[in-house]
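So the structure is just underneath, and the comments pick up after that.
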There are 2 protein chains.
Amino acid sequence: MSPAEEQQRIERFVAAHRESGLPVTIQRRAVFDAILDRQDHPTAEQVYRAVRQDRPQISRVTVHRILGTFVSLGLVAKTCHPGSAARFDPKTHQHPHLVCLDCGGIVDVEDPRLNRIAWPKVNPREFTIQDYHVHVRGRCRQEARARQRRPNVRRASAGIATL
Amino acid sequence: MSPAEEQQRIERFVAAHRESGLPVTIQRRAVFDAILDRQDHPTAEQVYRAVRQDRPQISRVTVHRILGTFVSLGLVAKTCHPGSAARFDPKTHQHPHLVCLDCGGIVDVEDPRLNRIAWPKVNPREFTIQDYHVHVRGRCRQEARARQRRPNVRRASAGIATL
DNA sequence: CTGCCTGCAAACGATTTGCACCAGC
DNA sequence: GCTGGTGCAAATCGTTTGCAGGCAG
């Protein structure tokens with residue numbers, strides 16, 4: 001992310017708090033800094049570990065709460081995930097994800113065709129569509145290699161492959 | 001589901017077990033029966049409660065394990081969900097889901113246009129695409145009404161709206 | 001008869017909640 | 001100073017695992 005763009009994101013971060021009357025605390029700054037440049041869609045736990053390097057006193061619970069606040073302010077996106085833990089994404093614009101069913105990894109896709117999908121025809125009284133999200137599922141390179149070495153590792157209840 | 005179609009699904013259930021050399025146990029039959037006609041994408045817990053009406057001795061753990069097995073046999077689909085618990089779907093063919101961000105409900109969509117989306121251009125060495133899934137997110141009728149009565153209920157960490 | 005399955009209990013990871021204290025505005 | 005945020009501990013929820021006995025093939 002370019003320095004100018006980063007600066008813009010930080011201003012948006014402050015403005016969103018001002019508008020909602022929420023205080024801009026040290027912890028919120030730290031969490032936002034920690035996630036802003038991440039491309040790897042970290043879990044709350046991973047964000048916690050990153051923040052702790054700067055602020056060892058911060059609590060795991062606080063990181064969870066702050067990430068929740070950021071999501072409702074539209075500052076970060078929460079993406080649902082086949083594995084147990086939710087993933088957070090500093091990119092809030094519409095974009096699909098590649099999800100590896102074997103390792104749980106998530107990679108962004110920038111393919112404009114997938115951002116212009118027609119919305120399904122639904123009775124607007126029954127359901128109000130807000131947006132959509134595309135999960136493209138498969139296997140990443142690292143996992144493909146691992147399978148070549150030890151094929152058929154997968155057992156009935158193994159890993160997140162059960163998506 | 002028509003009786004003929006249901007019969008076909010049950011045959012497929014038995015065949016899949018035969019092919020994999022897995023025993024067709026009473027419990028597996030019961031779990032399959034319990035989920036076969038469900039349109040509401042139940043959680044493992046909900047399946048457990050349904051099965052328990054027929055077989056009160058069944059264990060919650062067993063239901064989890066059996067659902068995992070069914071997913072890897074391709075007999076049911078597991079869909080990731082903004083809320084905490086995974087949802088199971090007896091419909092295994094490609095179809096998008098409407099997900100209500102307020103109540104967590106899931107409704108099937110049958111719109112052929114959304115089943116023919118072009119796959120993103122990805123280097124096949126980097127990632128092997130298997131399939132994709134579309135989550136259409138918004139608000140269902142019941143929740144829309146609830147909001148009319150008591151608007152702005154949503155707080156920072158409220159519900160699953162934090163997707 | 002043999003191996004996988006089931007059930008129990010317990011562990012586990014992710015997330016939420018109640019409460020006293022503290023810090024932004 | 002007031003309001004809401006933070007940190008701690010503990011509870012909760014969904015799910016997995018280790019192990020002793022049971023059932024399908």
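Naming: A, B, ... by sequence-line order, numbering from 1 per chain.
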Output the rounded distance in Å from [atom1] ([X]) to [atom2] ([N]).
X     : N      : atom1 : atom2 : result
B/E19 : D/dG25 : CD    : C1'   : 17 Å
A/R49 : C/dG13 : CZ    : C1'   : 11 Å
A/H17 : C/dG24 : NE2   : P     : 13 Å
B/R55 : C/dC5  : CZ    : P     : 18 Å
B/Q46 : D/dT15 : CD    : P     : 11 Å
A/L22 : C/dA23 : CG    : C1'   : 14 Å
A/E45 : C/dG13 : CD    : P     : 10 Å
A/L67 : C/dT16 : CG    : C1'   : 14 Å

query = Does B/R18 or B/T43 map to a spot on DNA chain D nearer the 5' end, using the closest nucleotide for each?
reply =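 Looking at DNA chain D, the more 5' nearest nucleotide goes with B/T43.
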query = Closer to the 5' end of DNA chain D via nearest nucleotide, is it A/S59 or B/R87?
reply =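 Its nucleotide being nearer the 5' end, the pick is A/S59.
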Between [options], which one does the side chain of [X] approach most closely?
X     : options               : result
B/T25 : D/dA24, D/dT15, D/dC8 : D/dA24
B/I66 : C/dG24, D/dT6, C/dT6  : C/dT6
B/R28 : D/dG5, C/dC8, C/dC5   : C/dC5

ask   = What do the steps show when you test B/E45 against B/R49 for salt bridge (charged side-chain N to carboxylate O under 4.0 Å, His left out), and what is the final call?
value = CA-CA 6 Å; B/E45 180 69 23; B/R49 285 175 205 231; 3.0 Å; yes
Below the 4.0 Å mark, does [N] have OP1 or OP2 next to a side-chain nitrogen or oxygen of [X]?
X     : N      : answer
B/S84 : D/dC13 : no
A/T62 : D/dG5  : no
B/Q27 : D/dA24 : no
B/R60 : D/dT15 : no

query = Among A/R87, A/H81, A/H41, which one satisfies side chain to side chain donor-acceptor pair (under 3.5 Å) with A/H97?
reply =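 By the side chain to side chain donor-acceptor pair (under 3.5 Å) criterion, A/H97 pairs with just one of A/R87, A/H81, A/H41: A/H41.
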message = Evaluate A/D108 against A/K91 for salt bridge (charged side-chain N to carboxylate O under 4.0 Å, His left out), listing each step before the verdict.
response = CA-CA 9 Å; A/D108 290 324; A/K91 294 204 191 75; 2.6 Å; yes
query = Donor-acceptor pair under 3.5 Å: do we get one between B/R65's side chain and the base of C/dG7?
reply =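 Under the 3.5 Å cut-off, the side chain and the base do form a donor-acceptor pair.
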request  = Please tell me which of B/P23 and A/V61 maps to the more 5' nucleotide of DNA chain C, matching each residue to the nucleotide holding its nearest heavy atom.
outcome  =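 Closer to the 5' end of DNA chain C: B/P23.
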inquiry  = Any heavy-atom pair between the side chains of A/F88 and A/R38 that's under 4.5 Å?
reply    =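 They are not in contact (no side-chain heavy atoms under 4.5 Å apart), so the answer is no.
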ask   = Reckon B/Q57 touches a base, only the sugar-phosphate, or nothing at all at heavy-atom distances under 4.0 Å?
value =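 Sugar-phosphate, backbone atoms only, no base.
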task = In sequence, state the C-alpha distance, the side-chain angles, and the governing distance for B/E110 and B/H93, and then conclude on side chain to side chain donor-acceptor pair (under 3.5 Å).
result = CA-CA 11 Å; B/E110 296 295 348; B/H93 65 272; 3.2 Å; yes
